[in-house]
Amino acid sequence: MDDMWEAAWAAREHAYAPYSGFRVGAALRAVGGALYAGCNVENVAYPQSQCAEATAIGVMVAAGESVISEVLVVADGPKLISPCGGCRQRLAEFSDPSTPVHLCGAGGVVETTTMGQLLPRAFGPWSLE
Ligand code: THU
């Protein structure tokens with residue numbers, strides 16, 4: 001998953017985070033193998049800010065894809081980053097409980113978990129079936 005880390009790190013370099021100073025990158029691998037990356041985009045009206053995962057999802061959907069096979073998030077703070085609650089729900093829309101989620105730092109992957117572990121008993125598209 002080096003390619004995912006590289007893509008997420010490159011996106012993170014472009015993060016617009018003047019308010020928190022906390023830059024985040026995310027990369028999604030779609031089922032066909034293509035990679036989509038995003039960074040956080042903050043706003044002076046703080047609640048209008050967007051997480052890196054949301055940006056990456058938008059890029060993926062705009063490219064015509066909607067099934068995620070793997071997720072990677074990276075930051076370089078002192079603690080390991082994990083997708084926020086809202087982004088867990090956003091990611092669940094396009095993945096399933098077994099989808100791997102790689103949590104990374106500046107040196108690479110630190111831990112790999114799954115969507116099911118991050119968002120147990122999720123309300124997903126399958127809930128409406
Ligand atoms: N952030 C993300 O981009 N993804 C997450 O999952 C957690 C938080 C961003 C939002 C904000 O721009 C900064 O990190 C600090 O919260």
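Atoms within each ligand, like the ligands themselves, are counted from 1 in listed order.
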Under 3.5 Å: donor-acceptor pair, side chain of Thr55, backbone of Asn40
no
Heavy-atom nearest neighbour in the protein, as seen from atom 9 (C) of ligand 1, with distance rounded to 0.1 Å:
Asn40 ND2, 3.6 Å
Quick one: does Pro83 get within less than 4.0 Å of ligand 1, heavy atoms only?
yes
Consider every N or O of Glu42 and every N or O of ligand 1, then say whether any pair is closer than 3.5 Å.
yes
Ligand 1 N/O within reach of Ala52 N/O, cut-off under 3.5 Å:
yes
Close side-chain approach of Glu93 to Pro125, heavy-atom, < 4.5 Å
yes
May I ask whether atom 6 (O) of ligand 1 is less than 4.0 Å from at least one protein heavy atom?
yes
Sidechain-backbone polar pair: Glu42 side chain, Ser20 backbone, donor-acceptor under 3.5 Å
yes
Is the contact between Ser20 and ligand 1 made by the side chain, the backbone, both, or neither, using heavy atoms and a 4.0 Å cut-off?
side chain
Could you tell me the residue and atom name of the protein heavy atom closest to atom 4 (N) of ligand 1, and the distance to it rounded to 0.1 Å?
Glu53 OE1, 2.8 Å
Indicate every side-chain donor-acceptor pair of residues 22-34 with a distance under 3.5 Å to a residue at least two apart or in another chain.
from	atom 1	to	atom 2	distance (Å)
Arg23	NH1	Glu13	O	3.2
Arg29	NE	Glu70	OE1	3.1
Arg29	NH1	Asp3	OD2	3.1
Arg29	NH2	Asp3	OD1	3.0
Arg29	NH2	Asp3	OD2	3.4

Do ligand 1 and Ile81 have nitrogen or oxygen atoms that lie under 3.5 Å from each other?
no
Among all protein heavy atoms in this structure, tell me which lies nearest to atom 8 (C) of ligand 1, with the distance rounded to 0.1 Å.
Cys51 SG, 4.0 Å
Arg90 (side chain) donor-acceptor with Ala54 (main chain) under 3.5 angstrom
no
Under 3.5 Å: donor-acceptor pair, side chain of Trp5, backbone of Gly105:
yes
Rounded to the nearest 0.5 Å, how far apart are CG of Asp96 and CG of Leu91?
12.0 Å
